[in-house]
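Worksheet: the structure to be examined is printed underneath.
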Amino acid sequence: MEKLQYSFSEVEKKWQRKYEEERVFEAEPDPSRPKFFVTFPFPYMSGPVHLGTAYTLTRLDVIARYKRKRGFNVLFPFAFHWTGTTIAGISDRIRRGDQKTIEILEKMDGVPREEIERFKDPVYLARYYTEKNRAVLKDYGLAIDWRREFHTTSLNPGFSTFVRWQYLKLLKNGYIIRGVHPVVWCPRDKSPTGDHDRLSGEGVFPEKFYLVKFRLNDSYLVAATFRPETVFGVTNVWVNPEANYAEAYVDGEKWIVSLETLQKLADQLKSINKTREFKGRELIGKKVITVFTGVSVPVLPASFVDPSIGTGVVYSVPAHAPYDYMALEDLKHDEALLREYGLDPEEVRSIEPISMITTEKYGSNPSEKIVRELGIRNQSDPKLEEATSLVYKEEFHKGMTLNNCGRFSNLPVQRAKELVIEEMKRNGAGDEMLELPSPVVCRCGTRCHVKILSDQYLLAYSSPEWKAKALKALEMMKIYPKEARENFIYFINWYVDWAFTRTSGLGTPVPWLPDQMIETLSDSTVYMAYYIISKYVNNGVLKPENLTEEFYDYVMLDKGVPEEVGKKTGVSLELLRKLRYEFDYWYPVDLRISGKDLIANHLTFYIFHHVAIFPEEKWPRQIAVNGFLRIEGQPMHKSKGIFISLKDAIEKYGSDATRITLLLAAEGLEDPNWESEKASRNMELIESIYRQVISLLGKEYVSENGHMEEWLRNSIKKRVKKITEALENMEIREAASEALYGLRNDLRWYLRRTSKPDYKTLREAVETWLNLLYPFTPHLAEELWSILGKDTILANHPWPQVVEADEKPLLLEKYLENLIEDTYQIIKAMGNVSATRLKIITAAKWKNEAFKKLLEVTEIEPSRIREIMLLHAAGVSREELGRFIGQVLKTLPSITGEYKMVLKQVLDIGERKILEEAHSFLEKEFKCRVEILSEDEISTELVKVAGKKPPAQPGRPILLIE
RNA sequence: GCGGAGGUCGCCAAGCCUGGUUAAAGGCGCGAGGCUCAGGACCUCGUCCCGCAGGGGUUCGUGGGUUCAAAUCCCACCCUCCGCACCA
């Protein structure tokens, strides 16, 4: 007797060891087999590998194992990511004694105290996690060729030679340009302030403001706005009388703006020459000339104007800007203020809003309307924000300009805006500047502003040729799920030039700028090619000094003369040729898989860089993306404690149960949800499958080859096809669910239906089942495979043949299932009585004949049905015939699709025969005597009883329960 | 704002592309029975409402539409989640 206790860790370890000993996943080129190269974006070594990583990784592992079984030579390598500032950031925080960081390391990551001390060294930290994570991944049991492992940064000289080559290629091929780049800038730290370096203002990025110049004598009062098209509605200009303003030559032109604005302009590459400073009140009452319309309007005081936003000068469009409207109303009614600034009250009160846009919702004077609706009292009412946004949205999307806008009249607002910007640019009446739409404060407490960094090295992602090439590569690629393709197109088009150099963190130096690093996303784009080389660096055959530009040019691009390359690099000719062959054999990547978050950056970079460096035949073939793992319905969040490391999961549930819990959690772009309850239940499922298989093998069976054996064989054929198709489409959950539950249910049903199961059929079914289970629960499948007495490794065993199933037995079985369901329904309607006898009376022969004809008729017409019936109903009473026709007319429309097929089969074989075959099963099922009769042979007495019931129909016999 | 995904019978979650055995898979929970010394283990059945005969009624975010027929196709609306650049 086999042991029935299933030891997860013992079994899993055993097979992992076996795979390692037999070098099952160590892949070498083999011209006799097609290759399949799969990769996973290397995880960042700033912490333990978690279940989110495991989810994606498992999906890839399933495909790798499946493809092997389909005869592909599969290469699945792995590496670790060290580049960037995150690792150094953690070390920094520990050095500063940041308790939150230390707490997370201890509690979530399970790092011992004494190790945390050592984490002050970022390199130690990276090494530590690399060691730990490699061990965990090996315990998880992935089909990885570990000989090719590496990590990034200059701490790995071999890898750095490759990145160096990559960037030299990009530079030579013209994909790197010099240019400017705007950042959120902290003037105190003198460095860009990323989202995570901010005290407040997360998610705030530079936006374009338009500058409109109002002539004031020999200078310009320069106002900032998001809505330059509204210049046609200007009635006045606002300045804050208490704020400081300055007069300065900006690129040689005399401007008046708030004092703070000068620094911002200077940081946006304007030349600034300040001539004078003064208070805003000095400007009040002056007249300025409007753009386009050339009207003279007054400068008026407004407290809502913030000198640190925009230019500290706002032009007033009271009809369309609620702020302006309110400020004007306030001023009209404030005698004291008017007097203070020596303004003519009559003149101010005579200012009327100028309508220049109309919308269906708010009309042509929206400010007044919305201010009234929201009950806004004065210009310091916070509700003005909302009012502004409501008007802006409506007018921008649905507004039309009125006929007082010169040649921009009667246009959609969006169009008018474009044209106005264009025109102002042309005639010098306007300019642009970048500004933060809301305040950003650096960790050091300093208010940030936009700075344009000049003389940056940039990846020229905005290049139309590069985009076109990337889009072409995308077009040639398979993307799973297909909805994700839209995302790629969007991001390829959206990308602008990307500054790729950094001064902090770990990484590989820019080849021509040794004091700067290549940032983390940019050094990880074509590294999959390095997997071919890394194996030889790891075993010492190649040294970093061999890996020159000429070396990679030859091996990866087939450029150069091998003899010369050999001389220059010190690599033997034989090895060079071998490497060239290996590279050519394995490359390109056939499938890369990641979380959907990487579409926006890494995967798009991956496409860009491949098309920039490699010829078309080496471009990526397929990309698959999936959702983001949630834990018990919550997004993963370490500091909130919502986090499960892969290590913890394996310790609790083992590899196989963890695998299927992840795989069954989601499909496509949906976010999978990890539930610990499900993981526990999946352990039970695995144990249950184990017991189920073992119990099948321990029994004596007779040899049968009847309907049920046919049914089982064909049902499994159907499953094989379904699972294979699902895997080919990367529908891994579908495949896993079919393999786990589908075949399990088939076997159960077979055993329930047969009193004498056939050993041979059963054994074949189990073998196929294990084969299908292997990609999902490899350890369990392998273990049972060996218990079956197989001396081969299941990993190497070919995938079952995909063949069309014979539907006939499946359809016949469907008939029986329907019959059983009907019977249960009747029993239920009777109040769940226990039956003592079940009489099944099948339809009379003439009905069957008539029905066969009916099924061939496509259009259901009452007259046609009657005609067919009459043809076969010789000797049947008019009453009976009428009743039957009525019944048929009622049910016929519902006989469609599969059921039609079922009926055809049933009528061919004969209900009687099917029922008799199932006789003993039915008695067992209903625990009562079962009689099978036909309408043609029942006694008149029975006819009377049955007469009260709906008449028998082909496929739906009368059921009499006693 | 832009782009993407999604709202299904107590919960989780299939189905939707290719409209029709779809009252709607599977799992959990709950109920009944079996096995058993016992079991929170395992096996079987049931689980929208009504019905002592296989029937009827009402369901798939909301409101319309197309169709003989819609969870499935079309339109509008409401709600949720995710990404949006120096950050891995």
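All values below were derived from every heavy atom in this structure, side-chain atoms included, with hydrogens, water molecules and symmetry-related copies excluded. In what follows, chains carry the letters A, B, and so on, assigned in the order in which the sequence lines appear, proteins first and then strands, with residues in each chain numbered from 1. If you're wondering where the values come from, they're calculated on a predicted model, not measured in any experiment.
Residues A:Trp674 and A:Phe628 place their aromatic rings such that the two centres sit no closer than 6.0 Å.
A:Leu747 has its CG atom 13 Å from the P atom of B:C43, to the nearest Å. When rounded to the nearest whole Å, the span between CZ of A:Arg719 and C1' of B:A25 equals 11 Å. Between A:Ile599 atom CD1 and B:G83 atom C1' there is a gap of 9 Å when expressed in whole angstrom units. Rounded to an integer number of Å, the gap from A:Phe628 CZ to B:C81 C1' is 13 Å. Distance, A:Asn673 CG to B:C82 P: 13 Å, rounded to whole Å. With rounding to whole Å, A:Glu731 atom CD is found 20 Å from B:G26 atom P. Taking atom CG of A:Leu740 as the reference point, atom P of B:A14 lies 16 Å away to the nearest angstrom. Computed from coordinates, the A:Lys722 NZ to B:U18 P distance equals 18 Å when rounded to whole Å.
B:G46 is paired with B:C30 under the criterion used here, namely a Watson-Crick or G-U wobble arrangement in which both key atom distances are under 3.5 Å. With a cut-off of 3.5 Å on both Watson-Crick or G-U wobble distances, the partner of B:G63 is given as B:C75. With both pairing distances under 3.5 Å, B:C84 is matched to B:G1 as a Watson-Crick or G-U wobble pair. With a cut-off of 3.5 Å on both Watson-Crick or G-U wobble distances, the partner of B:A14 is given as none. The partner of B:G20 is B:C68, judged by Watson-Crick or G-U wobble contacts that both fall below 3.5 Å.
Checked against salt bridge (charged side-chain N to carboxylate O under 4.0 Å, His left out), A:Arg485 has no partners two or more places apart in sequence or in another chain. Residues that satisfy the side-chain hydrogen bond (donor to acceptor under 3.5 Å, both in side chains) test with A:Ser737, not counting sequence neighbours, are absent from this structure. For A:Lys417, there are no salt bridge (charged side-chain N to carboxylate O under 4.0 Å, His left out) partners, not counting sequence neighbours. When the side chain to side chain contact (heavy atoms under 4.5 Å, CB included) test is applied to A:Glu486, the partners found at least two apart in sequence or on another chain are A:Ile489. By the ring pair (Phe, Tyr, Trp, His ring centres under 6.0 Å) test, A:Tyr480 is found to be paired with no residue, residues two or more places apart in sequence or in another chain being considered. In this structure A:Glu519 satisfies the side chain to side chain contact (heavy atoms under 4.5 Å, CB included) test together with A:Trp498, A:Phe500, A:Arg502, A:Leu521, A:Ser522, A:Phe605, sequence neighbours excluded. Residues that satisfy the salt bridge (charged side-chain N to carboxylate O under 4.0 Å, His left out) test with A:Arg748, not counting sequence neighbours, are absent from this structure. Residues satisfying the salt bridge (charged side-chain N to carboxylate O under 4.0 Å, His left out) criterion with A:Asp497, sequence neighbours excluded, are absent altogether. Qualifying ring pair (Phe, Tyr, Trp, His ring centres under 6.0 Å) partners for A:His50, counting only residues two or more places apart in sequence or in other chains: A:Phe643.
Using a 4.0 Å heavy-atom cutoff across all strands shown, A:Val184 reaches no nucleic acid atom at all. The residue A:Thr193 sits close only to the backbone: its heavy atoms come under 4.0 Å of sugar-phosphate atoms, none of a base. Using a 4.0 Å heavy-atom cutoff across all strands shown, A:Pro206 reaches no nucleic acid atom at all. Residue contacts shown for A:Phe205 are limited to sugar-phosphate atoms, with no base heavy atom under 4.0 Å away. Base engagement by A:Asn818 is indicated by at least one non-hydrogen atom pair under 4.0 Å involving a base atom. Here A:Leu521 lies in heavy-atom contact (under 4.0 Å) with a base. Note on A:Ser737: nothing from the nucleic acid sits closer than 4.0 angstrom, heavy atoms only. Within the 4.0 angstrom heavy-atom criterion, only backbone atoms of the sugar-phosphate kind lie near A:Ser688; the bases stay farther away. Contact annotation for A:Ala600: backbone-only contact, meaning every heavy-atom pair under 4.0 Å involves sugar-phosphate atoms and none involves a base.
Annotation: of the two residues near RNA chain B, A:Asn601 and A:Pro635, the 5′-most nearest-nucleotide partner is A:Pro635. Of the residues near RNA chain B, A:Trp494 and A:Thr520, the one whose nearest nucleotide (by heavy atom distance) lies more toward the 5' end is A:Trp494.
Distance from the side chain of A:Glu675 is smallest to B:C12 among B:U44, B:C12, B:C42. Nearest nucleotide to the A:Arg733 side chain, out of B:A13, B:G55, B:C17: B:A13. Closest to the side chain of A:Ile826, out of B:A53, B:C87, B:G55, is B:A53. Comparing B:C42, B:C87, B:A53 by their nearest atom to the side chain of A:Glu684 picks out B:C42.
For the C1' atoms, the distance linking B:C35 with B:G29 amounts to 23 Å, nearest Å. Comparing B:U72 with B:U8, their C1' atoms are spaced 12 Å from each other, to the whole Å. For B:G39 and B:C81, the P atoms lie 46 Å apart once the distance is rounded to whole Å. For B:G7 and B:C12, the P atoms lie 12 Å apart once the distance is rounded to whole Å. Nucleotides B:U62 and B:C78 place their P atoms 15 Å apart, quoted to the nearest Å. Annotation: B:A23 and B:A14 have their C1' atoms spaced 15 Å apart (nearest Å). Here, B:C50 and B:G10 have their P atoms 15 Å apart, quoted to the whole Å.
Under the 3.5 Å distance criterion, the side-chain polar atoms of A:Thr661 are matched with a main-chain donor or acceptor of A:Ala657.
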What protein N or O atoms touch nucleotides 8-11 of chain B N or O atoms at under 3.5 angstrom, if any, and at what distances?
none

What protein N or O atoms touch nucleotides 3-7 of chain B N or O atoms at under 3.5 angstrom, if any, and at what distances?
residue : atom : partner  : partner atom : Å
B:G4    : O4'  : A:Asn487 : OD1          : 3.4

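Between A:Glu813 and A:Arg753, at least one side-chain nitrogen of the basic residue sits less than 4.0 Å from a carboxylate oxygen of the acidic one, meeting the salt-bridge criterion.
A sub-4.0 Å separation between OP1 or OP2 of B:C45 and a side-chain N or O of A:Arg752 is present. At B:A53, none of the side-chain N or O atoms of A:Thr823 fall inside 4.0 Å of OP1 or OP2 (strictly under the cut-off).
Atom CZ of A:Phe396 and atom OH of A:Tyr392 lie 4.5 Å apart (nearest 0.5 Å).
Each of A:Glu911, A:Arg956, A:Gln905 was compared with A:Tyr815 under the side-chain hydrogen bond (donor to acceptor under 3.5 Å, both in side chains) criterion, and only A:Glu911 meets it.
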Under the criterion salt bridge (charged side-chain N to carboxylate O under 4.0 Å, His left out), I'd like the reasoning laid out for A:Glu687 against A:Arg691: C-alpha separation, chi angles, the key distance, then a yes or no.
CA-CA 6 Å; A:Glu687 285 176 308; A:Arg691 273 194 306 271; 5.2 Å; no

Under a 4.0 Å heavy-atom criterion, the protein footprint on nucleotides 27-36 of chain B, written with B, S and -, is -S--------

